[in-house]
Asker: 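Please see the structure below; I have some questions.
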2 protein chains.
Amino acid sequence: MSTETMLSFEKDCSECPIRHRAVCARCETDELELLESMKFYRHFKAGSTVLWSGDEMPFVASVVAGIATLSQTMEDGRRQMVGLLLPSDFLGRPGRAIAPYDVTATTDLTICCFKKKPFEELIVSTPHISQRLLEMTLDELDAAREWMLLLGRKTAREKIASLIAIIARRDAALNRHDHRNAFTFDLPMTREAMADYLGLTLETVSRQVSALKKDGVIELSGKRHITIPDFDRLMDETGDDADGGPLV
Amino acid sequence: MSTETMLSFEKDCSECPIRHRAVCARCETDELELLESMKFYRHFKAGSTVLWSGDEMPFVASVVAGIATLSQTMEDGRRQMVGLLLPSDFLGRPGRAIAPYDVTATTDLTICCFKKKPFEELIVSTPHISQRLLEMTLDELDAAREWMLLLGRKTAREKIASLIAIIARRDAALNRHDHRNAFTFDLPMTREAMADYLGLTLETVSRQVSALKKDGVIELSGKRHITIPDFDRLMDETGDDADGGPLV
DNA sequence: TGGCTTCCTTGATCCATGTCAAAGAATTGA
DNA sequence: TCAATTCTTTGACATGGATCAAGGAAGCCA
């Protein structure tokens with residue numbers, strides 16, 4: 001599961017790309033040293049399963065690179081994604097032994113793991129960690145509530161536009177763009193994963209993506225590569241208030 | 001807004017009905033004394049608005065009695081409930097000045113408030129509070145994810161059955177019943193509020209409630225009073241796994 | 001008592017999205 | 001280079017839930 005080569009941050013937390021956003025963001029040098037002695041990395045290929053719902057969960061982890069999803073499946077196969085974990089997001093819950101959701105690597109994925117037991121002790125003894133975890137959990141709850149509005153009340157077209165806007169924003173936050181109004185990026189997920197995210201079928205996703213393309217809201221090259229000629233135009237299609245927050 | 005009479009718990013936290021489940025659950029006697037000196041109560045009538053989205057939010061609070069809801073409204077009036085606050089649940093977020101959702105009293109409501117600033121200081125200095133808040137926030141996130149599955153993938157009939165099961169469970173947790181298989185309680189919300197919760201229209205809610213009644217899954221007297229003759233039968237209608245957790 | 005007002009129910013119809021089916025692109029591996 | 005596989009698109013049709021419309025029931029207060 002693990003690669004042979006060791007990247008610089010795998011020794012040294014201060015080199016880590018998510019150093020300032022992850023659960024360890026507030027840690028001081030001495031606290032980082034403690035984390036360094038406990039952490040271990042795991043890598044997953046795109047499409048592979050990290051954990052099945054019901055599995056024992058021996059670790060908690062931060063996403064370092066790539067994207068993971070949390071999803072629930074009903075007995076008859078209906079499936080809903082309930083979490084999208086981007087770099088710096090936290091996986092797992094202190095005090096929980098069993099995974100409540102399927103965890104899947106949507107792209108190639110690297111996670112920084114801590115054994116559950118020692119991490120739980122750390123939370124009690126290191127307020128910098130528990131405070132940061134609280135903040136991140138509150139952010140996730142806000143995101144979940146946005147998502148509930150999307151699932152309960154938006155049309156298929158608005159759902160697609162919203163998802164594209166979310167991904168564009170995240171991409172803009174990572175890679176600074178020169179142009180203010182032209183965004184280009186790859187969708188990091190299949191049509192089926194988009195459908196699972198949005199509570200739609202993959203056919204409806206495909207049709208609505210085509211419709212947004214036909215109407216000039218997005219430009220497509222290949223199936224995954226998207227250009228947004230006018231971000232405000234895309235925002236109009238999401239159904240959200242005009243002032244849905246600044247772009248970064 | 002506030003009543004003239006003071007109930008015993010309004011002086012003495014140890015008398016408080018939510019003492020062992022709220023954000024203060026883990027506090028020791030001396031910590032409770034500190035909270036007692038800071039807290040104040042507010043009361044709202046059923047149907048009244050506690051806060052509008054965008055309002056300044058000068059306090060955080062625990063729900064002591066009654067039910068409050070969080071909801072989002074789109075520009076054209078589409079509305080989705082995104083939180084259901086029952087007694088002991090926490091309202092507000094440390095570090096947030098502006099309410100991001102409409103907060104409504106669904107029933108008569110009593111909340112135990114703390115001014116935001118002093119509470120934020122308390123969180124830093126009192127690990128018993130921040131740890132409990134983390135735990136409660138993680139629970140809310142789990143509930144939000146269940147709800148996302150409901151919104152994204154369940155049929156109207158499954159949604160109604162799920163909501164009734166949730167309320168029945170909560171009611172059973174508060175009021176011990178003698179019979180193992182007969183539950184009776186009042187729906188604490190209008191058909192419209194149910195629709196906002198479930199991502200449906202009120203007409204569909206009404207029709208599906210009638211259908212469940214016709215099929216003998218529930219018994220209705222009046223519009224709000226429900227009896228569940230066979231809880232397992234109801235659970236079959238929710239679409240959830242058979243082992244959706246024990247009843248309390 | 002009667003007339004508002006609010007909440008709820010039911011019917012008729014429509015339409016957005018799901019379902020079923022087929023075939024086109026892109027990718028992988030032999 | 002050619003299957004085989006996976007992902008995607010598109011078409012035809014079905015349907016669950018929304019919409020529009022009317023009226024019933026319960027609570028309230030004058």
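Within every chain, numbering begins at 1; the chains are lettered A, B, ... in the order of the sequence lines, protein sequences first and strands thereafter.
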Asker: When you measure from the side-chain N and O atoms of Arg224(B) to the phosphate of dA26(D), is any distance below 4.0 Å, counting only OP1 and OP2?
Answerer: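 It does not, given that no N or O in the side chain of Arg224(B) lies less than 4.0 Å from OP1 or OP2 of dA26(D).
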Asker: Within a 6.0 Å radius of atom CD on Glu192(A), are there more than 12 heavy atoms belonging to other residues, nucleotides or ligands?
Answerer: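 No, not enclosed.
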Asker: Among residues 144-160 of chain A, which ones have heavy-atom contacts with DNA chain C below 4.0 Å?
Answerer: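 By residue number: Thr155(A), Ala156(A).
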Asker: Check each residue of residues 201-209 of chain A for a non-hydrogen atom within less than 4.0 Å of any atom in DNA chain C, then write out the ones that pass by number, or none.
Answerer: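 Close to the strand are Thr201(A), Glu203(A), Thr204(A), Arg207(A).
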Asker: Rounded to the nearest angstrom, tell me the gap between atom CZ in Arg191(A) and atom C1' in dG24(C).
Answerer: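 Value for this atom pair: 14 Å.
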Asker: Which one of Arg145(B), Glu146(B), Arg153(B) satisfies the side chain to side chain donor-acceptor pair (under 3.5 Å) criterion with Gln72(A)?
Answerer: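 Considering Arg145(B), Glu146(B), Arg153(B), a side chain to side chain donor-acceptor pair (under 3.5 Å) with Gln72(A) is found only for Glu146(B).
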Asker: Students often get this wrong, so: under 4.0 angstrom with heavy atoms, is Gly47(A) touching a base, only sugar-phosphate, or nothing?
Answerer: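 The residue Gly47(A) makes no contact with any strand.
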Asker: Within this structure, what is the CZ-to-P distance between Arg78(A) and dT17(C), rounded to whole angstrom?
Answerer: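 Those two atoms, CZ and P, are 18 Å apart.
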Asker: Send over the distance from Asp196(A) CG to dG18(C) P, rounded to a whole Å.
Answerer: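 Answer to the nearest Å: 12 Å.
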Asker: Could you tell me if Thr49(A) and Thr104(A) have a donor-acceptor pair between their side chains, going purely by distance under 3.5 Å?
Answerer: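 No, because no side-chain N or O of Thr104(A) sits under 3.5 Å from a partner of the opposite role on Thr49(A).
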Asker: Tell me: NE2 of His225(B) to C1' of dC7(C), nearest whole Å?
Answerer: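 Computing the His225(B):NE2 to dC7(C):C1' distance gives 19 Å.
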Asker: What distance separates Asp241(A) CG from Glu75(B) CD, expressed to the nearest 0.5 Å?
Answerer: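 Reported to 0.5 Å precision, the distance equals 4.5 Å.
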Asker: I want to check something: taking the side chain as every heavy atom from C-beta on, are Val60(B) and Arg96(B) in contact at a cut-off of under 4.5 Å?
Answerer: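 Heavy-atom side-chain distance check fails, nothing below 4.5 Å.
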Asker: Could you tell me how far apart Leu187(B) (CG) and dC7(C) (P) are, to the nearest whole angstrom?
Answerer: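 In whole Å, dC7(C) P lies 15 Å from Leu187(B) CG.
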Asker: Tell me yes or no: between the side chains of Ser206(A) and Arg191(A), is some donor less than 3.5 Å from an acceptor?
Answerer: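 No.
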Asker: Roughly how many Å is it from CG in Leu200(B) to P in dC8(C), rounded to a whole number?
Answerer: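 One finds 15 Å between P of dC8(C) and CG of Leu200(B), rounded.
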Asker: Considering non-hydrogen atoms only, spot the tightest contact between Trp147(B) and Met81(B) and give its length.
Answerer: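 That would be CZ2-O, 3.5 Å.
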Asker: I need the minimum non-hydrogen distance between Met57(B) and Leu51(B), along with the two atoms involved.
Answerer: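 Taking Met57(B) first and Leu51(B) second, the nearest heavy atoms are CG-CD1, 3.5 Å.
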Asker: How about Ile218(A) and Ile164(A): do any of their side-chain heavy atoms sit closer than 4.5 Å?
Answerer: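 Touching, per the 4.5 Å side-chain cut-off.
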Asker: To the nearest angstrom, how far is Leu220(A) atom CG from dT8(D) atom C1'?
Answerer: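 Between C1' of dT8(D) and CG of Leu220(A): 11 Å.
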Asker: Going by an N to O cut-off under 4.0 Å, is there a salt bridge joining Arg93(B) and Asp142(A)?
Answerer: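 Salt bridge present between Arg93(B) and Asp142(A).
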Asker: Bend angle of the helix from dT1(C)-dA30(D) to dA30(C)-dT1(D) from five-pair axes at both ends, rounded to 10°?
Answerer: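 Between the axes fitted at each end of the helix from dT1(C)-dA30(D) to dA30(C)-dT1(D) lies an angle of 30°.
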Asker: Below 4.0 angstrom, N of the basic side chain to O of the carboxylate: do Asp215(A) and Arg157(A) qualify?
Answerer: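 The answer is yes: the pair qualifies as a salt bridge.
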Asker: Rounded to the nearest angstrom, tell me the gap between atom CD1 in Ile226(B) and atom C1' in dC8(C).
Answerer: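 Ile226(B) atom CD1 is separated from dC8(C) atom C1' by 14 Å.
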